[in-house]
Amino acid sequence: MSALRALRPFGRRLLPPLRPFTTTASTASGHSRWSKIKHDKGKVDARRGASFSKLSADISAASRDGGPIPGSTNLRLTAAIAAAKRGGLPKDKIAIAIQRGQGRSSSGAALEPVTLEAVGPGGVALLVEGAADNRLRMLQEVRVLLARAGAREGPAAYCFDRVGVVRVAGVGVEAVLEAALEWEGVEDIEEAEGEGEEGAEAVVVAVRTSLAALAEVERRCGGIEGATVVGARIEMVPKEETAVAVPTEGKVADDLEALVEKLEEYPDVGEVWTNAKAVDPEV
């Protein structure tokens, strides 16, 4: 049985008044990205296609921010390529992802960023982000995918905040919290599902930052004893007041899952964000 998967929201429990950010426990429900999961005593099994999409997006982001050559001058790209290889991403797709990070398609044509806002099953807001060498064609084809799923274009960006998120493995929330109390730009710290140092599924610490502070917070997280930064990127995090509750079982969940899967499979789509908040249908 398929169900919702979403990142836990950044919480509301206040810390002592030293710093204006919060920390949340791993038991909180949440929302952000959508991907297919199966329930097996809480074990998450991500779709292969969605995993490839994320791996490619991480490579492109690293290539864009640090250049197209892996090695000592771009350690993030080196790590992203290593994770992609472990995940089975083909070499040609790795090369294409690096090119896309440089604003070029596999043929060398310039890419133009594309964002499409939509309202999907159950009134869930969707943000579809990508890049294409033919913007109008991409928009037309994505609109067809939306229409076939009963979705429509509509305002959605207001449902999200664009923030930096650094993911850290190897240490717990308290270790990161203690180190981050005096850092500028940190907005929240929480436990989240992600990948550990070897690319295996693990619980990591997610540090939410302002966009301006992302690079510095990433550097500082890497300096925490025992910590390894396994991801640092800009994400669209849903605002809690706009989150849409979706039962983890039922027609809305199935329809939304199918739509996001189709969108993520579209070659020019890099990210699909939703404001769906998973809820237990029995509660």
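Values in this document were obtained by computation on a predicted structure and should not be read as measured data.
For the pair Arg152 (side chain) and Ala118 (backbone), a donor-acceptor distance under 3.5 Å is absent. Judged purely by atom type and a 3.5 angstrom limit, Asp58 has no side-chain atom pairing as donor or acceptor with the backbone of Ala80. Between the side chain of Asn74 and the main chain of Gly66, a donor-acceptor pair closer than 3.5 Å is present. With Ser60 contributing its side chain and Ala97 its backbone, the two residues share a donor-acceptor pair below 3.5 Å.
For the pair Leu55 and Lys93, the minimum side-chain heavy-atom distance is 4.5 Å or more. A 4.5 Å side-chain heavy-atom check between Val176 and Ile224 finds at least one atom pair inside the cut-off. Here the side chains of Val165 and Ile234 are not in contact, with every heavy-atom distance at 4.5 Å or above. Inter-residue side-chain proximity for Val237 and Phe160 is flagged as unmet; no heavy-atom pair is nearer than 4.5 Å. Between Trp273 and Leu126 there is no side-chain heavy-atom pair separated by less than 4.5 Å. In this structure the side chain of Cys221 reaches within 4.5 angstrom of the side chain of Val207, judged on heavy atoms. The closest side-chain heavy-atom distance from Leu116 to Arg143 is below 4.5 Å. At least one side-chain heavy atom of Leu145 sits under 4.5 Å from a side-chain heavy atom of Leu263.
For the atom pair CD of Glu184 and CD of Glu216, the computed distance is 10.5 Å after rounding to the nearest 0.5 Å. For the atom pair CZ of Arg64 and CD1 of Ile59, the computed distance is 13.0 Å after rounding to the nearest 0.5 Å. Taking CG of Leu214 as the reference point, atom CZ of Arg219 lies at 13.0 Å (rounded to 0.5 Å).
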I'd like to know whether Val205 forms a side chain to side chain contact (heavy atoms under 4.5 Å, CB included) with Val166, so could you lay out the CA-CA distance, the side-chain angles of the two residues, the decisive distance to 0.1 Å, and finally the verdict. CA-CA 8 Å; Val205 180; Val166 180; over 6 Å; no
One pair to check against side chain to side chain contact (heavy atoms under 4.5 Å, CB included): Leu259 and Asp255. What are the steps and the verdict? CA-CA 6 Å; Leu259 171 58; Asp255 290 349; over 6 Å; no
Given side chain to side chain contact (heavy atoms under 4.5 Å, CB included), test Glu178 with Glu174 step by step and report yes or no. CA-CA 6 Å; Glu178 182 178 356; Glu174 294 303 322; over 6 Å; no
Kindly determine whether Tyr266 and Met138 satisfy side chain to side chain contact (heavy atoms under 4.5 Å, CB included), including the steps that lead there. CA-CA 9 Å; Tyr266 187 83; Met138 176 184 172; 3.7 Å; yes
Hey, mind stepping through Arg208 and Asp161 against salt bridge (charged side-chain N to carboxylate O under 4.0 Å, His left out) and telling me if it holds? CA-CA 11 Å; Arg208 174 174 168 174; Asp161 289 321; 3.7 Å; yes
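A pairwise comparison of heavy atoms in Ala125 and Cys159 identifies CB-SG, 3.9 Å as the closest pair. Of all heavy-atom pairs spanning Ala278 and Thr248, the tightest one is CB-CG2, 3.9 Å. What you find for Lys239 and Tyr158 is that their closest heavy atoms are NZ-O, 3.1 Å. Counting all heavy atoms, side chain and backbone alike, Arg104 lies closest to Ala110 at NH1-N, 3.5 Å. Of all the heavy atoms in Ser56 and Leu89, the pair that sits closest is OG-CD2, 3.7 Å. For the residue pair Glu191 and Val173, the shortest heavy atom distance occurs at CG-CG2, 3.2 Å.
A salt bridge links Glu235 to Arg167: one of the charged nitrogens lies within less than 4.0 Å of a carboxylate oxygen. With salt bridges taken as basic N to acidic carboxylate O contacts below 4.0 Å, one links Glu129 and Arg162. Using a cutoff of 4.0 Å between basic side-chain nitrogens and carboxylate oxygens, Asp133 and Arg100 are not scored as salt-bridged.
Linking ILVMFWY side-chain heavy atoms closer than 4.5 Å, directly or via other members, places Val119 and Val114 in two distinct hydrophobic clusters. Val186 is connected to Leu181 through a chain of hydrophobic side-chain contacts under 4.5 Å among Ile, Leu, Val, Met, Phe, Trp and Tyr, so both are in one cluster.
Crowding of Leu211 atom CG: a count of heavy atoms from other residues, nucleotides or ligands under 6.0 Å exceeding 12. Atom CZ of Arg148 has 12 or fewer heavy atoms from other residues, nucleotides or ligands within 6.0 Å.
Gln102 is linked by a side-chain hydrogen bond (donor to acceptor under 3.5 Å, both in side chains) to Ser63, counting only residues two or more places apart in sequence or in another chain.
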